[in-house]
Amino acid sequence: MASDPYARPRAEMLTIFSTVFPEIPWQTLKFQIDPPRDPAHGDLTSNVAFVASARLGRAPREAASILNEALNANLLPTSSIAAADVAGPGFLNITLRPEFKQRAEHEAIREILRAGERCGNSAAGGGKRVNVEYVSANPTGPMHVGHCRGAVVGDALANLLAKAGYAVTKEYYINDAGAQVEALAWAVYWRYLQAIGQPIGAEEFSALVPGGLQYRGEYLIPVGRALAEQYGLALGEPEFLVPSADALAVVRAFAVNEMMRSIREDLALLGVVPDVFSSERALLEAGAADAAIARLGKAGLIYEGTLEPPKGRLPEDWEPRTQTLFRATAFGDETDRPLRKSDGSNTYFANDIGYHADKMARGAEILIDVLGADHSGYVRRMQAAVAALSARRAALEVVLCQIVHVVRAGRPVRMSKRAGSYITLRDLIDEVGRDAVRFTMLTRKADAQMEFDLDQAVAQTRENPVFYVQYAHARCRSVLRAATELLGAAVVAEEALAASPLEALGADPELAVIRRLIAFPRTVEAAAQAREPHRIAFFLYDLAGDFHILWNRGREDSSFRFLNPDRPAETRARLALVAATAAVIRAGLAILGVTPVEEMR
RNA sequence: GCGCCCUUAGCUCAGUUGGAUAGAGCAACAGCCUUCUAAGCUGUGGGUCGGUGGUUCGAAUCCACCAGGGCGCGCCA
């Protein structure tokens, strides 16, 4: 676990303030003592004067002076703090004692080297059990680009939370119970008829299908064939036009299996391997939805009633209807929500309530659903349901992913299902590769729309973040390979470098890299807390930039080269920095699910 | 009509949960390779943070209203 290199100066400051101003509850005041954005603002900077100014009864600038004086007057010779200064409107800028600062920096590097890929691991999550549900694409066809962002964001978020000390379950919900899979069964039956030599035209068959024939894509042809191989004519007898209920059930189960097999394959290609697949149908048959609804009923949150028509936009066929409703308004939703359709069967929402209850019953303390933005209208009601089921103890968090527009050379690549030319996930991975897909999907905040530029994702330039970060890592590895040639593997091993003298480090571009490395654990914790995995991608891009700068210093001025046989101590120190950089890049990429590259030629 | 999300440099986007002079990349111009990877680096220019009010010592960040874009809006999932 990462220790905080600045814990000591923080504690010293607190001690001094507590002694001089015992009447102020410093422990409960929310102020920060952190490395500043701008290194010119000291080693650490604090807004303590702003936060405490009211308690001190002084304006911030004055409060800062008072605190600054108290601080400077009480510093011990052994303190980690050398001096403090008032700056700007009332910041306290702290200069650390050089020995302490250097020791802290060196210790941070050593810690990274000792931890390797585990560097940045945090206990912030306290082992809390988090269930992250993502993808959950309907098992009615191959995965396409629209599913991809949620898959990547959810997977990276799950990895991130695990790194930050949560006990994470990655979960996929199979929507195998609704009207959509029924429609799938009909469509597969249609293909089955073709496979057994009883073909029927799409329009003709559609007239026989309740709701019409929906999934007409060619991807179901092999499913129909496989069905024919396994069952022969048995599913079609005796009519060969409309399947019996039993036959349709067989077809449906078979079709869902096939679709899920294909989805699992696609997910695996993307590096997504859920821990748990939950079946809506299985849950339904086990009575999960009924049980959850019964609980809500017991709590007086279910009633038969009629909803108001939507305001301002009355549907043509609207008529008042009595329905089974969940009192979502009691938990912040804007209207109560129906649980049963007019045919008496459950709505999707009703089954989903059962599912979320099941997740909680399995021990999840935090529920996170990663959903597409087209589900935004669904969020409130599900949160209401989770609040109701847990007596407001558990909360459902929802990460919404906005739409991805795929472009090539700045022009939109159309992916309309009707045109049949939509981009499947497999197409995308084939074209740009798994790592580019994953990293690129994480270069935007999830709830901002993004353009996925196919050309940029494979470009070998700085404008392609995947490449830029991979290149930095490859360069690190390149140096370490060269060092191994020169000095032997024993010297270059991470354990050996962790024990190296590091006093030779201290040039500006080196310090920039070090500062960034030290920020990694903080970045992981903040990103996890904000549920924003994209911050890791940006961190890596910045770190890569710092490293490329350092690299180029060696080109301009050979005294900055990492390897200098005449100066063994300096060489080992720099190798330690390079190895630590590589370790942090690997650790960060592991969160994103991207493979580090050893060499690029 | 109502709800949620978004609006930051010419373009694509960050902005460490309210901190100091708002940052990167692309595009434009000018430089750096007998050396560990020039697929890189350095420098220059570019902004009423959609608008107006408010809260605050301090607002791109929080609140209200307005404008523009996206998504959704009783039996679909």
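Here is how names work: the chains are called A, B, and so on, in the same order as the sequence lines, proteins then strands, and each is numbered from 1.
A gap of 14 Å separates the C1' atoms of B/A60 and B/C6, to the nearest Å.
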task = Could you check A/Thr140 against A/Gln180 for side chain to side chain donor-acceptor pair (under 3.5 Å), going step by step and ending with a plain yes or no?
result = CA-CA 7 Å; A/Thr140 53; A/Gln180 298 302 313; 5.7 Å; no
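For the pair A/Leu371 and A/Cys401, the minimum side-chain heavy-atom distance is 4.5 Å or more.
At the heavy-atom level, A/Pro465 lies nowhere under 4.0 Å from the strands shown. Note on A/Phe539: nothing from the nucleic acid sits closer than 4.0 angstrom, heavy atoms only. Within 4.0 Å of A/Ala179, counting heavy atoms only, lie sugar-phosphate atoms of the nucleic acid but no base atom. Contacts of A/Glu308 with the nucleic acid, taken as non-hydrogen atoms under 4.0 Å apart, are absent. At the heavy-atom level, A/Arg462 lies under 4.0 Å from the strands shown only through sugar-phosphate atoms. Note on A/Tyr541: only backbone sugar-phosphate atoms sit closer than 4.0 angstrom, heavy atoms only; bases stay farther off. Note on A/Ala87: a base of the nucleic acid sits closer than 4.0 angstrom, heavy atoms only. Across all strands shown, A/Arg561 has heavy atoms under 4.0 Å from base atoms, whether or not it also approaches the sugar-phosphate. Nucleic acid contact for A/Ala483: none, since no nucleic acid atom lies under 4.0 Å from a heavy atom of the residue.
Base pairing in RNA chain B yields stems of at least 3 consecutive Watson-Crick or G-U pairs, both distances under 3.5 Å, namely B:1-7 with B:67-73, B:10-13 with B:23-26, B:28-32 with B:40-44, B:50-54 with B:62-66.
Evaluation of A/His375 against the base of B/G72 yields no stacking contact (centre distance < 5.5 Å, interplanar angle < 30° required).
Side-chain proximity of A/Leu307 to B/G15, B/G74, B/G70: nearest is B/G74. With distances taken from any side-chain atom of A/Tyr471 to the nucleotides B/A77, B/G40, B/A20, the minimum falls on B/G40.
Using modelled atom types and a 3.5 Å distance limit, the side chains of A/Gln32 and A/Ser46 yield no donor-acceptor pair.
In this structure A/His534 satisfies the ring-ring contact (aromatic ring centres under 6.0 Å, His included) test together with A/Phe538, sequence neighbours excluded.
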